[in-house]
**Student:** 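Questions regarding the structure given below will be posed in turn.
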Amino acid sequence: MSQRPSALTRPTSSKRRLKDLLLQKDNRVCADCASPDPKWASTNIGVFICLKCCGVHRSLGTHISKVLSVTLDEWSDDEIDAMVEVGGNASANSIYEAYIPEGISKPGADASHEQRSKFIRSKYERQEFLKPSLRILSNQKKGSLKTSLSNKITDSFRSSSSTSQKSEGMVEFIGMLKVKVIKGTNLAIRDMLSSDPYVVLNLGKQKVQTSVVKSNLNPIWNEEVMLSVPQDYGAVRLQVYDHDTFSADDIMGEAEIDIQPMITSAMAFGDAGMFGNMQIGKWLKSNDNALLDDSTVNIVDGKVKQEVNLKLQNVESGDLELELEWIPLDQ
């Protein structure tokens with residue numbers, strides 16, 4: 001494993017350190033299927049992965065694999081340090097793939113989701129390819145691995161609980177949805193004079209949320225969250241809550257986001273980078289949805305984006321402003 005740089009020798013640019021690591025030869029292909037040009041990483045395992053394998057990693061749970069985008073997410077110094085400590089895909093695979101049994105082969109770039117899921121779960125969740133002496137069983141303490149392993153890899157070597165095994169079935173992902181929660185306006189009062197709002201988004205079994213804004217009925221978040229979009233996707237369910245310290249959080253309204261117009265338009269046009277800025281689709285306001293006005297789907301600087309303004313439902317007041325971005329599998 002690479003040695004962690006000291007404070008005196010650590011480069012000032014964290015993004016530069018991550019970019020340099022990604023340029024290593026072994027990191028130019030996915031650690032799990034060898035697809036070229038991976039744009040995602042598991043920060044606590046220390047490997048770079050493609051979007052298709054990223055969907056499986058997300059289903060493992062963050063206690064096994066915490067996934068970040070190399071280009072879209074903000075990385076902390078600790079997360080970059082963890083990747084540098086591991087040393088790259090080849091170093092990590094020398095441990096996680098030390099003993100692949102005869103008759104079992106790694107999935108290729110064109111492998112099905114079922115093939116990827118089976119291999120990745122065997123590799124990281126069940127630790128079937130580790131040296132027997134390195135496997136952590138349910139009755140062993142965390143950190144019982146040899147000291148030559150980095151702490152971040154040690155954290156990822158945990159036996160899978162029954163809960164994590166049930167968390168996600170075989171789901172085929174078709175892309176990613178980036179949701180920027182921009183701001184709320186005239187939200188409902190749930191405390192004495194104000195509220196402490198936060199936003200929760202659900203798609204299938206996935207759940208993401210923003211931070212809490214204290215005592216503000218017109219909060220500004222400007223926070224981005226990511227959701228994997230399964231092949232059989234439905235609407236994104238949005239809920240706003242008031243955070244309470246000593247009791248259950250109070251609902252402050254909800255809405256559903258129909259993502260079909262964006263995905264259908266994006267897939268019809270294909271590579272958005274080949275087109276100039278233009279409108280390619282529209283989600284129309286109606287009595288059956290929460291839109292304040294028609295929501296257009298546009299290509300903006302080579303990306304498919306959609307501005308969405310929602311009137312929160314089942315509440316006395318409150319609007320929410322969002323921006324959606326579609327990220328296809330090959331990005």
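Not measured: the values here are computed from a predicted model.
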**Student:** Assess, by modelled atom type and distance only, whether the side chains of Gln306 and Ser295 contain a donor and an acceptor separated by less than 3.5 Å.
**Tutor:** yes
**Student:** Flag the pair Arg190 and Asp244 as a salt bridge only when some basic side-chain nitrogen lies within less than 4.0 angstrom of an acidic carboxylate oxygen.
**Tutor:** no
**Student:** Just so I know, are the side chains of Asp81 and Arg17 near enough to count as touching, which here means a heavy-atom distance under 4.5 Å?
**Tutor:** yes
**Student:** Looking at Glu79 and Lys66, does any basic side-chain N land under 4.0 Å from a carboxylate oxygen?
**Tutor:** yes
**Student:** Compare every heavy atom of Ala188 with every heavy atom of Met252, then report the nearest pair and how far apart it is.
**Tutor:** CE-O, 3.1 Å
**Student:** Keeping Asn298 on the side-chain end and Val300 on the backbone end, is there a donor-acceptor pair under 3.5 Å?
**Tutor:** no
**Student:** Any donor and acceptor pair, going by atom type alone, linking the side chain of Ser228 with main-chain N or O of Gly55 inside 3.5 Å?
**Tutor:** no
**Student:** Could you tell me whether Glu316 and Lys311 have a side-chain N and a carboxylate O separated by less than 4.0 Å?
**Tutor:** no
**Student:** Do we see a donor-acceptor contact under 3.5 Å between the side chains of Lys183 and Asn222?
**Tutor:** no
**Student:** Do Arg28 and Asp26 sit within salt-bridge range, that is, some charged N less than 4.0 Å from a carboxylate O?
**Tutor:** no
**Student:** Just by distance, do the side chain of Asp294 and the backbone of Lys285 share a donor-acceptor pair under 3.5 Å?
**Tutor:** yes
**Student:** Walk me through whether Asp319 and Asn186 qualify under side chain to side chain contact (heavy atoms under 4.5 Å, CB included).
**Tutor:** CA-CA 7 Å; Asp319 303 337; Asn186 193 29; 5.9 Å; no
**Student:** With clusters defined by side-chain heavy atoms of hydrophobic residues (ILVMFWY) lying less than 4.5 Å apart, directly or transitively, does Tyr241 cluster with Leu201?
**Tutor:** no
**Student:** Kindly give the heavy-atom pair with the smallest separation between Ala290 and Ala255, and that separation in Å.
**Tutor:** CB-CB, 3.8 Å
**Student:** Any ion pair linking Lys178 and Glu325 (charged N to carboxylate O, less than 4.0 Å)?
**Tutor:** yes
**Student:** Is it true that a side-chain atom of Thr210 and a backbone atom of Tyr198 form a donor plus acceptor pair closer than 3.5 Å?
**Tutor:** no
**Student:** Closest approach of Cys30 and Cys50, non-hydrogen atoms and distance?
**Tutor:** SG-N, 3.4 Å
**Student:** Of all the heavy-atom pairs spanning Val67 and Cys54, show the shortest one and how long it is.
**Tutor:** CG1-SG, 3.5 Å
**Student:** Are Asp196 and Asp191 packed together at the side-chain level, in the sense that at least one heavy-atom pair is separated by less than 4.5 angstrom?
**Tutor:** yes
**Student:** Using a strict threshold of under 4.0 Å (side-chain N to carboxylate O), is an ion pair present between Lys106 and Glu97?
**Tutor:** yes
**Student:** Pairing donors with acceptors under 3.5 angstrom, does anything connect the side chains of His63 and Asn44?
**Tutor:** no
**Student:** Considering non-hydrogen atoms only, spot the tightest contact between Val47 and Asn89 and give its length.
**Tutor:** CA-OD1, 3.3 Å
**Student:** Are Arg237 and Glu254 within salt-bridge range, i.e. N to O under 4.0 Å?
**Tutor:** yes
**Student:** Using a distance-only test with no angle check, is there a side-chain donor-acceptor pair under 3.5 angstrom linking Ser211 and Glu223?
**Tutor:** yes
**Student:** Report yes if some heavy atom in the side chain of Leu310 is under 4.5 Å from a heavy atom in the side chain of Leu291; otherwise report no.
**Tutor:** yes
**Student:** Using the ring centroid of each side chain, check whether Tyr124 and Tyr96 are separated by less than 6.0 Å.
**Tutor:** yes
**Student:** If hydrophobic clusters are built from ILVMFWY residues whose side chains come within less than 4.5 Å, do Ile64 and Ile49 share one?
**Tutor:** yes
**Student:** Checking the side chain of Ser117 only, and the main-chain atoms of His113 only, is there a donor and an acceptor separated by less than 3.5 Å?
**Tutor:** no
**Student:** Would you say Arg58's side chain and Ser65's backbone share a donor-acceptor pair under 3.5 angstrom?
**Tutor:** no
